[in-house]
Chemist: 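One structure, as structure tokens, below. Some questions next.
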Amino acid sequence: MKRKYQVLIVGGGNAGLSTAAQLLRKERALSVGIIEPSEKHYYQPAWTLVGAGEFDVRDTEKAEQDYIPEGADWIRDAVDSFQPEQNQVTCRSGAVYTYDALVVVPGIQLDWSKIKGLRETLGQNNVTSNYAYQTAPYTWELIKNFKGGVAVFTNPPTPVKCGGAPQKIMYLACDYWQKNGVLDKTEVHFVSGGTIIFGVKEFAKTLEGVVKRYRIKTHFHQTITEIDGPNHTLYFEGKDPDGSLVKQSLTFDMAHITPPQSAPDFIKSSPLADPTQHLGWVEVNKFTFQHSRFFNIFACGDVSNAPTSKTGAAIRKQAPVMVEHLLAFLQKTPSNAQYDGYTACPIPTEYGKLMLAEFDYSNKPKMTFPFDQTVPRWTMWLLKKYVLPWLYWHRILTGKA
Ligand SMILES: Cc1cc2nc3c(=O)[nH]c(=O)nc-3n(C[C@H](O)[C@H](O)[C@H](O)COP(=O)(O)OP(=O)(O)OC[C@H]3O[C@@H](n4cnc5c(N)ncnc54)[C@H](O)[C@@H]3O)c2cc1C
């Protein structure tokens, strides 16, 4: 195995594989190494549908090996630290790799332990999360067997991957319970660290109607501090309008938890992190994905500090721009490619209906289709359930879309 690459990629997830494939499609002779510890690759967007009983979790997992593009080396290791002045990374095994250009795409870290008691109870005591491959099927077990009572869905105050995912499963659960005569016997709570239901007002309006329809009680500006699984109690706190801290608790019959999230610890503690943000995102130019201080380093996807919603849909527009700038850097030519903050969040509002929220840095809708996308539609549900998974495995990871 080589120890020096023209392009070294940290992370073989959505962004890492798409970037490697796109680079090699443009420059076949480029030497590309991908450092990725996991033997498996996951299509995470389908975990929402797994939790709703609409997708087989086994179809979201594939062998990483099958998606390493031809011409790239897979280095089965994990990066531990960066030495950008020496153009070098050090792996957990102690191996050192050098590069001409570095792509940093290790995704986001799920901070389960920031909620006291969560790790111990997750996957049992009616506490679940679609944010893990192991527990997404348990969400469906709980929804299907729910007989009424109190159901809680949480959303942390930090950015999360797919900002809409914490509420998507809530709407599907409500619809399922409504159709099965359970919703009338149920109190549904959305406990959120956010300040509103959705950041783009056109899409928020639709969701406010959905929240009303299912009689969901919303609690904004809240941080979950603890969960007591055996006693089915959730503890959270938030500031009231006069600024004083109010602590509350809820006894639940089922809880779907979205954990707080941040940049992986090895990024946070590295010289690549944005020193102005405590969550440790990699500091890049939000239009080009070039690092603000180390010009041969690039980062996009969930780990970057680009102020947009962290989604695979965003990566589909980010990766080609980053690839242009990276090649321009290597070839010492200019590039005018710019990313406009595009991201998309497909939000199912009931089984068979979905609102495809698309927007950019200006938080204005940026719709792909020639119809009003603030209206949930069956065609958009089909897009999420069938078209996007196919597109991911066959076109996006292979650098064709
Ligand atoms: C429940 C859920 C629902 C979602 N719904 C949607 C949706 O509807 N639409 C949408 O577009 N997106 C959705 N997403 C978000 C989408 O999955 C992510 O935005 C996307 O996967 C991010 O890609 P990434 O490459 O940045 O990170 P990832 O795909 O997570 O890949 C990161 C990779 O880096 C590797 N890595 C970690 N540490 C190291 C290290 N030290 N060294 C080397 N490699 C390392 C990891 O093993 C991993 O393979 C959803 C996510 C979840 C969890």
Side-chain angles (χ1 to χ4, degrees), residues 8-20 33-52 55 57 60 62 64 67-68 74-82 89-93 97 102-110 128-133 135-136 139 159-169 256-259 261 263-267 270 281-282 289 299-304 306 308-319 322 342-348 354-358 380 383-385 388-389 391-392 396-397:
L8 189 61
I9 300 180
V10 181
N14 182 350
L17 290 183
S18 327
T19 302
I34 305 172
I35 306 180
E36 167 60 60
S38 175
E39 297 283 325
K40 303 285 184 200
H41 185 102
Y42 299 95
Y43 179 58
Q44 304 168 48
W47 292 348
T48 296
L49 295 178
V50 170
F55 209 94
V57 75
T60 70
K62 308 244 178 185
E64 177 78 14
Y67 292 88
I68 299 289
W74 176 16
I75 302 159
R76 294 174 204 207
D77 208 333
V79 170
D80 188 46
S81 63
F82 298 87
V89 302
T90 303
C91 289
R92 273 188 213 148
S93 67
Y97 295 89
L102 182 72
V103 175
V104 182
V105 280
I108 205 166
Q109 176 171 288
L110 302 170
T128 188
S129 181
N130 283 348
Y131 275 78
Y133 175 85
T135 50
T139 305
V160 298
K161 42 184 160 188
C162 193
Q167 51 187 290
K168 293 175 187 179
I169 190 61
H256 178 275
I257 308 290
T258 301
Q261 298 172 33
D265 287 341
F266 78 104
I267 297 289
S270 79
W281 314 116
V282 177
F289 304 104
C300 74
D302 291 357
V303 82
S304 96
T308 190
S309 178
K310 297 179 183 301
T311 65
I315 292 168
R316 196 162 77 80
K317 300 287 183 183
Q318 295 174 352
M322 185 175 73
Y342 172 89
T343 189
C345 193
I347 306 183
L354 182 142
M355 174 177 80
L356 182 63
E358 294 178 289
M380 296 295 96
L383 180 82
K384 164 94 185 152
K385 188 167 170 180
L388 294 178
L391 201 68
Y392 185 76
I396 292 174
L397 293 189

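Nothing here was measured: the structure is a model prediction, and the numbers come from that model. All ligand and atom numbering here is 1-based and tracks the order in the structure. Sequential numbering from 1 along the given sequence is applied to the chain's residues. Side-chain atoms are counted along with the backbone in the values below, which use heavy atoms only and exclude waters and symmetry mates.
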Chemist: Can you tell me how far CD1 of I169 sits from CD1 of I347, rounded to the nearest 0.5 angstrom?
Modeler: 13.0 Å

Chemist: Which is it for P346 and ligand 1 at heavy atoms under 4.0 Å: side chain, backbone, both or neither?
Modeler: side chain

Chemist: Ligand 1 versus F266, non-hydrogen atoms closer than 4.0 Å: side chain, backbone, both, neither?
Modeler: side chain

Chemist: Could you list which atoms of ligand 1 come closer than 4.0 Å to a heavy atom of G11?
Modeler: 34 (O), 35 (C), 43 (C), 44 (N)

Chemist: Looking at W281 and A263, what are the two nearest heavy atoms and their distance?
Modeler: CZ3-N, 3.3 Å

Chemist: Side chain or backbone, does S38 bring an N or O within less than 3.5 Å of an N or O on ligand 1?
Modeler: no

Chemist: So if I count the atoms of ligand 1 from 1 in the order they appear, which ones are less than 4.0 Å from some heavy atom of I315?
Modeler: 22 (C), 23 (O), 24 (P), 26 (O)

Chemist: For the 3.5 Å polar cut-off, considering only N or O atoms, please tell me whether D77 and ligand 1 meet it.
Modeler: no

Chemist: Return the closest protein heavy atom for atom 30 (O) of ligand 1 as residue, atom name and distance.
Modeler: Q44 NE2, 3.2 Å

Chemist: Within ligand 1, which atoms have a heavy atom of G301 less than 4.0 Å away?
Modeler: 26 (O)

Chemist: Would you mind listing which atoms of ligand 1 come within a distance below 4.0 Å of any non-hydrogen atom of P37?
Modeler: 43 (C), 44 (N), 45 (C)

Chemist: Considering the heavy atoms of V105, write down every atom of ligand 1 situated less than 4.0 Å from one of them.
Modeler: 32 (C), 34 (O)

Chemist: Under 4.0 Å between a Lys/Arg side-chain N and an Asp/Glu carboxylate O for E64 and R76?
Modeler: no

Chemist: Considering P106, A15, A313, which one's heavy-atom position lies nearest to atom 39 (C) of ligand 1?
Modeler: P106

Chemist: Give the atoms of ligand 1, by number and element, whose distance to some non-hydrogen atom of G13 is under 4.0 Å.
Modeler: 25 (O), 29 (O), 31 (O), 33 (C), 49 (O)

Chemist: Check ligand 1 against N130 and write out every atom of the ligand that is under 4.0 Å from a heavy-atom position of the residue.
Modeler: 1 (C)

Chemist: Hey, does G312 come in under 3.5 Å of ligand 1, counting only N/O atoms on both sides?
Modeler: yes

Chemist: Please identify which atoms of ligand 1 are closer than 4.0 Å to at least one heavy atom of Y131.
Modeler: 53 (C)

